[in-house]
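The structure appears below as structure tokens.
Quick note: numbers below take in every heavy atom, side chains included, and nothing from hydrogens, waters or symmetry partners. Given the structure is predicted, the values throughout are model-derived calculations rather than measurements.
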Amino acid sequence: MMVVARRIEAATNEVRYEFGFEDRFDRILTIDPSTLEASVEDGDFNSAASAITAKIVDSWRSTGEFPARMLFAS
């Protein structure tokens, strides 16, 4: 499985990413920077959403910034 995400918005109250398999950005992920709670626009928080969220949050914890792009491959 390869999931790719790209940041589309980074407001103070939420960070939004388009994500999907390979380069098909067909879903939207939203992360609350104050709680790191994540949700997806379509309501299906499946393994792909979980995997890319974990990678994004790990990067944020390491650098203090939400990455512009992220890739998860298993």
Side-chain angles (χ1 to χ4, degrees):
M1 171 172 69
M2 185 170 82
V3 184
V4 180
R6 64 180 172 204
R7 192 180 63 223
I8 55 174
E9 184 179 348
T12 57
N13 62 338
E14 71 178 17
V15 180
R16 293 170 47 92
Y17 286 87
E18 292 177 315
F19 77 102
F21 292 105
E22 300 188 16
D23 278 333
R24 236 182 74 211
F25 300 101
D26 57 351
R27 300 182 68 200
I28 303 292
L29 170 71
T30 303
I31 302 172
D32 181 331
S34 62
T35 64
L36 299 179
E37 189 172 312
S39 61
V40 289
E41 208 169 70
D42 64 9
D44 182 18
F45 200 84
N46 61 11
S47 61
S50 179
I52 202 66
T53 299
K55 292 287 283 188
I56 291 168
V57 169
D58 283 347
S59 177
W60 175 83
R61 286 183 174 141
S62 295
T63 66
E65 296 182 14
F66 285 95
R69 296 181 67 83
M70 186 54 63
L71 168 72
F72 172 83
S74 65

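- The heavy-atom pair separating A68 from Y17 by the smallest distance is O-CE2, 4.4 Å.
- Note: T30 OG1 to N13 CG = 10.0 Å, rounded to the nearest 0.5 Å.
- Grouping the Ile, Leu, Val, Met, Phe, Trp and Tyr side chains by contacts below 4.5 angstrom, directly or via other members, places V4 apart from V15.
- Cluster membership check: L71 does not share its hydrophobic cluster with F19, using side-chain heavy-atom separations under 4.5 Å among Ile, Leu, Val, Met, Phe, Trp and Tyr.
- In plain terms, the two heavy atoms of M1 and A51 that are nearest each other are CE-CB, 4.3 Å.
- Other members of the hydrophobic cluster containing I28, listed by chain and number, are I8; membership follows side-chain contacts under 4.5 Å among ILVMFWY residues, whether direct or relayed.
- The two residues I31 and P33 have their closest heavy-atom pair at O-CD, 3.3 Å.
- V57 and V40 end up in the same hydrophobic cluster when Ile, Leu, Val, Met, Phe, Trp and Tyr side chains are linked at under 4.5 Å.
- With sequence neighbours excluded, the residues forming a salt bridge (Lys or Arg N to Asp or Glu O under 4.0 Å) with D26 are R24, listed by chain and number.
- Under the salt bridge (Lys or Arg N to Asp or Glu O under 4.0 Å) criterion, R6 pairs with E18, sequence neighbours left out.
- Counting non-hydrogen atoms of other residues, nucleotides and ligands closer than 6.0 Å to CD of E9 gives a total above 12.
- Checked against ring-ring contact (aromatic ring centres under 6.0 Å, His included), F72 has no partners two or more places apart in sequence or in another chain.
- A search for salt bridge (Lys or Arg N to Asp or Glu O under 4.0 Å) contacts involving D42 returns R27, not counting sequence neighbours.
- For the residue pair S50 and F45, the shortest heavy atom distance occurs at CA-CE2, 3.8 Å.
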List the atom pairs, with distances to 0.1 Å, where a side-chain N or O of residues 60-67 and a protein N or O form a donor-acceptor pair under 3.5 Å, not counting sequence neighbours.
residue, atom, partner, partner atom, Å
S62, OG, D58, O, 3.1
T63, OG1, S59, O, 3.0
T63, OG1, E65, N, 3.2
T63, OG1, E65, O, 3.1

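- Once rounded to the nearest 0.5 Å, the distance linking CG of L29 with CD1 of I52 reads 8.5 Å.
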